[in-house]
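Okay, structure first, notes after.
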Amino acid sequence: MIDIFSYEFMRRAFIAGSIISIIAPLTGSFLVLRRLSQIGDTLSHVALAGVAAGILLGINPTLSSIIVVLLASFGIERLRKTYFRYSEISIAIVMSAGMAIAIILLSLSRGGAANIMNYLFGSIVSVTNTDVILILTLGIVVVVSIILLYKELLYITFDEEAAKISGIPVSYINFFFTILVALTVALAMRIVGALLVSALMVIPAAASLRIAKSFKQTIFYAILFSFVSVFSGIFLSFYLNLSPGGSIVLVSLLIMGLVSLKKR
Amino acid sequence: MNLVELKNISFAYDTKKILNNISLKINKGEFVAIIGPNGSGKSTLVNIMVGNLVPTSGEVLYDGVKLTNIKNRSFISYVPQKSYSFNASFPASVEEVVSMGLYAKKGLFKKLSRKDWEEIYEALKIVDMLDYKHSLIGRLSGGQLQRVFIARSLVAKPEILFLDEPTTGIDAKSEKALYAILKKLNKEKGITIVMVTHDVWAITDKVSRIICMSEGKINEKCEAVDLTAGELAEVYGYPVKITKHHHNGSVKND
């Protein structure tokens, strides 16, 4: 067996992958329990517009997608207030806006189409040092923020109304959490791919719900499942020459299937 | 001494008047029941008292201070009707749910201490649910769940506890246990209790005062605990028959 870690790009992929495998289910568990699973999907489509802009302007696409996704997350919050009776509208509008802009920008940049495939389906060979530094620093920001706001996020997720009455600053925390989700999507897209980012946020949490006996356990198992999925997915992708995003998500689905067999 | 005072409270949704010029005083240590037909404004009144709704006009005062000027409201606790905002499949354990009662008091970025956890277990002990601390809340019965929510309200050591129809959907035995707990909290811990309820005859020997509401107003005639069917008929707006069950009575449209 070839020593997979002797390759520089594989070491980068594993470092980036391990951070992503923690932050995706961490933010994802809260989203799933708040019935907001679709937000990850919306933001990942918008992230593509950021990638296209980065390719066109010649800056690091991960960085440009982070900026665009943050702007989009503010847009969603804004639209959600405007159309407060039909809050899903905001998700649909932002998703189509993201795709439309991505396609236009791509058609403007010749040769960008090949590059964007790495972001659509995920890639391990094209992860750069800058990507690793971005993923590592911002990933730590996401993890630390969630640890610090854990109890408030738990209360809001469980019962937003009661949290508000008890005096927790719900709207500030919701706003900050949207930023954390946006960061997670932009970072995770690098390896898992835009089309499958939300799968890594949702599936491990869904599997975890089947066996967890507390909220803490839900988060713990979701991260464990995601970690196993990302690592085995990267291995499979390396040895069998498959897309990393597809391999990771299929492994996570397999785990979910196995967990479902177990009776609670 | 008055703990809560309502001065000329009115409330309207769009043009629909829900509450009409209500004034009311509740003293420290009282156990008050608010009764009245559906749509009489009971729950709206409680929501205004806890600061969840802002009245169209009028003031809510606690110890003479306007509620709008009170930042730290952890002395007020509210157990809403559970069916509204509760997701039974949520993966939280009983102890996690009860711990939420301390979060706001604790403040941002701070972890719960060992002493906090002792208080959480103490609250669970009061409502007789300590044995279930590691259970998933989705596994509990309606009565057990209600007790967990009361424990969540108790950990922050409130001076006043509001409950909105706490006995809805729970069986007679659990209901009895729940009232015993409330009475204990009122008598032994000195917590003022305000409860919205339909179970008029189950509460008459437990509460210190009954407030009757109809059509957004307080009916002054029935501030006693020994109501007759005639007085209730006036409140409910239709003839009322007192049906004594083995455990309590209830109001029925006859």
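Lettering follows sequence order; numbering is per chain, from 1. Scope of the values below: all heavy atoms of this structure, side chains included, with no hydrogens, waters or symmetry mates.
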Measure the shortest side-chain to side-chain distance between [X] and [Y] over non-hydrogen atoms and say whether it is less than 4.5 angstrom.
X: A:L209; Y: A:Y221; answer: no
X: A:K151; Y: B:M100; answer: no
X: B:Y132; Y: B:Q144; answer: yes
X: B:I181; Y: B:R147; answer: yes
X: B:L182; Y: B:L163; answer: yes
X: B:V148; Y: B:L140; answer: yes

Quick check on [X] against chain B: is it the side chain, the backbone, both or neither that has a heavy atom closer than 4.5 Å?
X: A:I147; value: neither
X: A:K216; value: both
X: A:T218; value: side chain

> Under 4.5 Å, heavy atom to heavy atom, which residues of residues 26-44 of chain A contact chain B?
Replying inline: A:L33, A:R35
>> Report which part of B:Y78 has an atom under 4.5 Å of a heavy atom belonging to chain A: side chain, backbone, both, or neither.
In response: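 For B:Y78, side-chain heavy atoms alone lie under 4.5 Å from chain A.
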>> Need one label for B:V79: side chain, backbone, both or neither, based on atoms under 4.5 Å from any heavy atom in chain A.
In response: neither
> Is the backbone of B:V196 close enough, under 3.5 Å, to the side chain of B:D164 for a donor and an acceptor to pair up by distance?
Replying inline: no
>> Determine whether A:F235 and A:F14 satisfy the following criterion, ring pair (Phe, Tyr, Trp, His ring centres under 6.0 Å), listing intermediate values before the conclusion.
In response: CA-CA 10 Å; A:F235 269 103; A:F14 276 111; 5.3 Å; yes
